[in-house]
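If you read the sequence from its start, that first residue is 1, and numbering goes on from there. In listed order, ligands and their atoms are each counted from 1.
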Amino acid sequence: MKNQTIIITGGAGFIGSNLAFYFQENYPDYHIIIFDKFRDNLTFPSGNPTSLGHFKNLIGFRGEIITGDINNPSDIAKLKTIDFDVMYHMAAISDTTVMDQKLVMQTNHLAFLDLLNICLEKNAKMIYASSAGTYGNTSAPNKIGSGENPENIYGFSKLMMDISTRKILCKNPQLPIIGLRFFNVYGEREFYKGKTASMVLQLGLQALKEKKVKLFEFGEQKRDFVYIKDVIDACILSSKATKGGIYNVGSGHARSFNDIINALKSHLGDFEVEYIKNPYTFFQTHTEADLSGIKADLGYKPRFELEDGIASYIPEIKARFEECK
Ligand SMILES: NC(=O)c1ccc[n+]([C@@H]2O[C@H](COP(=O)([O-])OP(=O)(O)OC[C@H]3O[C@@H](n4cnc5c(N)ncnc54)[C@H](O)[C@@H]3O)[C@@H](O)[C@H]2O)c1
């Protein structure tokens with residue numbers, strides 16, 4: 001394959017920075033460009049930062065960085081001047097608790113359409129992050145095209161990205177637009193997501209710090225937890241796709257929060273679990289990715305069961321704990 005130019009929006013965030021390092025390590029001749037607005041001093045009413053990118057995710061990155069906002073036309077105009085092959089569009093308001101519907105729709109849906117137009121003009125592949133949030137609380141296993149009933153504005157904005165994509169692919173299925181519905185991703189470089197990081201990290205850090213963790217009653221809610229290395233595999237396979245499509249990216253198995261606790265205990269030793277009332281009116285209680293589409297079309301095969309992913313992640317969790325002691 002010829003040396004390629006890859007743009008990663010949201011490259012200072014969790015998944016985007018992992019992608020950037022994957023390319024740097026495995027395709028050293030590729031030209032990798034990150035486009036991210038990084039974080040400023042602003043917070044949402046919840047206290048969470050309005051964007052979660054962090055320079056520390058990029059220590060050691062040797063590619064190019066464009067600091068910009070996908071909502072700002074003059075910032076994204078810079079991308080029009082670049083001759084690129086693939087755009088991985090990861091930038092978004094990824095915090096599912098944000099209630100500002102206008103801002104979420106602008107950032108996640110409208111800005112995506114602007115970036116998609118740039119890709120189409122350049123004949124470049126668009127591989128974008130959708131989400132299991134598109135399914136809301138409909139019954140699992142979650143299948144593309146059914147049970148798409150988001151319960152919050154985040155899930156709705158991601159569904160609108162997919163619906164816009166479907167309209168285009170309906171007329172021209174060969175166009176290289178791939179939507180990846182990530183389920184609950186955990187792994188290295190998510191630390192700076194703070195309270196929006198995965199429960200694997202949050203519970204691991206709580207266990208190390210307090211020897212006690214808090215879980216919503218009674219820890220049996222199930223999610224499809226997927227390790228970052230499997231997510232990166234799905235992203236890389238997508239760049240080789242010969243047609244467009246929307247795919248689930250998960251482990252293919254629903255596992256409970258108590259399963260996370262048991263896996264953590266096997267590495268960190270015993271700790272106490274306190275079950276507390278769930279304050280959220282919306283909470284996904286059972287997700288499981290149906291992987292038939294992505295297996296058949298892209299050859300995706302998840303490599304990490306929850307226990308394997310946690311085993312691989314433990315050294316990083318311990319290192320982060322030591323750092324913030
Ligand atoms: N992590 C998960 O479990 C998960 C699950 C489903 C979907 N997703 C989606 O995957 C993508 C990546 O998720 P993540 O976990 O890495 O999130 P993240 O918040 O760590 O990364 C998002 C990045 O986008 C940047 N960004 C936000 N608004 C921007 C703007 N207006 N202009 C430019 N940059 C902006 C942030 O600074 C951040 O670096 C997101 O689209 C998210 O919605 C993630």
**Q** What do you reckon, does Gly11 have a nitrogen or oxygen under 3.5 Å from a nitrogen or oxygen of ligand 1?
**A**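 In fact, backbone or side chain, Gly11 has no N or O that close.
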
**Q** Looking only at distances, please establish whether an N/O atom of ligand 1 is found under 3.5 Å from an N/O atom of Phe182.
**A**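 Between Phe182 and ligand 1, no N or O pair is found under 3.5 Å apart.
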
**Q** Does some non-hydrogen atom of Ile93 fall short of 4.0 Å from ligand 1?
**A**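 No.
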
**Q** Below 4.0 Å from any atom of ligand 1, is there a heavy atom belonging to Gly133?
**A**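 No; Gly133 lies far enough from ligand 1 that no heavy-atom distance drops under 4.0 Å.
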
**Q** Look only at interatomic distance and state if Ala132 has a nitrogen or oxygen under 3.5 Å from any nitrogen or oxygen of ligand 1.
**A**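 No, there is no polar N/O contact under 3.5 Å.
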
**Q** Closer than 4.0 angstrom: is that true for some heavy atom of His54 and an atom of ligand 1?
**A**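 For ligand 1, residue contact (heavy atoms, under 4.0 Å) with His54 is absent.
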
**Q** Provide, to 0.1 Å, the distance between atom 1 (N) of ligand 1 and the closest protein heavy atom, together with that atom's residue and name.
**A**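 Of every protein heavy atom, Lys193 NZ, 3.3 Å lies nearest to atom 1 (N) of ligand 1.
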
**Q** Note the single closest protein heavy atom to atom 27 (C) of ligand 1, along with its residue, its atom name and the distance in Å.
**A**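 For atom 27 (C) of ligand 1, the nearest protein heavy atom is Ala92 O, 3.2 Å.
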
**Q** Cut-off 3.5 Å, side chains only: do Asp162 and Ser130 have a donor facing an acceptor?
**A**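 Judged by distance alone, the side chains do pair up.
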
**Q** Would you check whether Phe35 has a nitrogen or oxygen atom less than 3.5 angstrom from a nitrogen or oxygen atom of ligand 1?
**A**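 For ligand 1, there is no N or O atom that lies under 3.5 Å from one belonging to Phe35.
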
**Q** Hey, can you tell me if Phe225 and Phe257 have their rings parallel, tilted or perpendicular (30° and 60° cut-offs)?
**A**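 Rings of Phe225 and Phe257: perpendicular, as their planes differ by over 60°.
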
**Q** Could you tell me whether ligand 1 has any atom less than 4.0 Å away from a heavy atom of Ser17?
**A**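 No heavy atom of Ser17 comes that close to ligand 1.
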
**Q** Check Tyr128, Phe35, Tyr22, Phe23 against Tyr88 for a ring pair (Phe, Tyr, Trp, His ring centres under 6.0 Å) and give me the one that passes.
**A**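 When ring pair (Phe, Tyr, Trp, His ring centres under 6.0 Å) is applied between Tyr88 and each of Tyr128, Phe35, Tyr22, Phe23, only Phe23 qualifies.
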
**Q** If you measure every N/O of Thr107 against every N/O of ligand 1, is any gap under 3.5 Å?
**A**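 Thr107 vs ligand 1: no N/O contact under 3.5 Å.
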
**Q** Does the N or O separation between Ser131 and ligand 1 drop below 3.5 Å for any pair?
**A**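 By distance alone, the answer is no.
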
**Q** Record the part of Tyr154 in heavy-atom contact with ligand 1 below 4.0 Å; permitted values are side chain, backbone, both and neither.
**A**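 Under 4.0 Å from ligand 1, Tyr154 contributes side-chain atoms alone.
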
**Q** Taking heavy atoms and a distance under 4.0 Å, where does Arg181 meet ligand 1: side chain, backbone, both or neither?
**A**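 Neither part.
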
**Q** Does Asp83 come within less than 4.0 Å of Lys122, counting only side-chain N to carboxylate O?
**A**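 Here Asp83 does not pair with Lys122 in a salt bridge, since their nearest N and O are not under 4.0 Å apart.
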
**Q** Below 4.0 angstrom, N of the basic side chain to O of the carboxylate: do Lys56 and Glu323 qualify?
**A**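 No, Lys56 and Glu323 are not salt-bridged.
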
**Q** Heavy atom under 4.0 Å from ligand 1: found in Arg39's side chain, backbone, both, or neither?
**A**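 Answer for Arg39: neither.
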
**Q** Just distances here: any N/O of Gly53 and N/O of ligand 1 closer than 3.5 Å?
**A**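 Checking ligand 1 against Gly53, an N or O pair does fall under 3.5 Å apart.
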
**Q** Donor-acceptor check, side chain of Arg181 to backbone of Ile144, threshold 3.5 angstrom: yes or no?
**A**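 Side chain of Arg181 to backbone of Ile144: no pair is present.
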
**Q** Does a side-chain N-to-carboxylate-O contact under 4.0 Å join Glu188 and Arg320?
**A**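 No, Glu188 and Arg320 are not salt-bridged.
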
**Q** Could a heavy atom of Phe183 be found less than 4.0 Å from some atom of ligand 1?
**A**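 The answer is yes, since Phe183 has a heavy atom less than 4.0 Å from ligand 1.
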
**Q** Which residue holds the protein heavy atom closest to atom 29 (C) of ligand 1, what is that atom called, and what is the gap in Å?
**A**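 The protein heavy atom lying closest is Lys37 CD, 3.6 Å.
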
**Q** Would Val185 count as being in polar contact with ligand 1, using the rule that some N or O on each side must be under 3.5 angstrom apart?
**A**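 It does: an N or O of Val185 is found under 3.5 Å from an N or O of ligand 1.
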
**Q** Distance from Asp114 atom CG to Cys119 atom SG, nearest 0.5 Å?
**A**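 Between atom CG of Asp114 and atom SG of Cys119 there are 11.5 Å.
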
**Q** Please check whether Gly16 reaches ligand 1 - meaning an N/O of the residue sits under 3.5 Å from an N/O of the ligand, judged on distance alone.
**A**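 No; the residue has no nitrogen or oxygen that sits under 3.5 Å from a nitrogen or oxygen of the ligand.
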
**Q** Checking side chain to side chain contact (heavy atoms under 4.5 Å, CB included) for the pair Leu175/Met126: CA distance, chi angles, key distance, verdict?
**A** CA-CA 9 Å; Leu175 281 177; Met126 161 58 95; over 6 Å; no

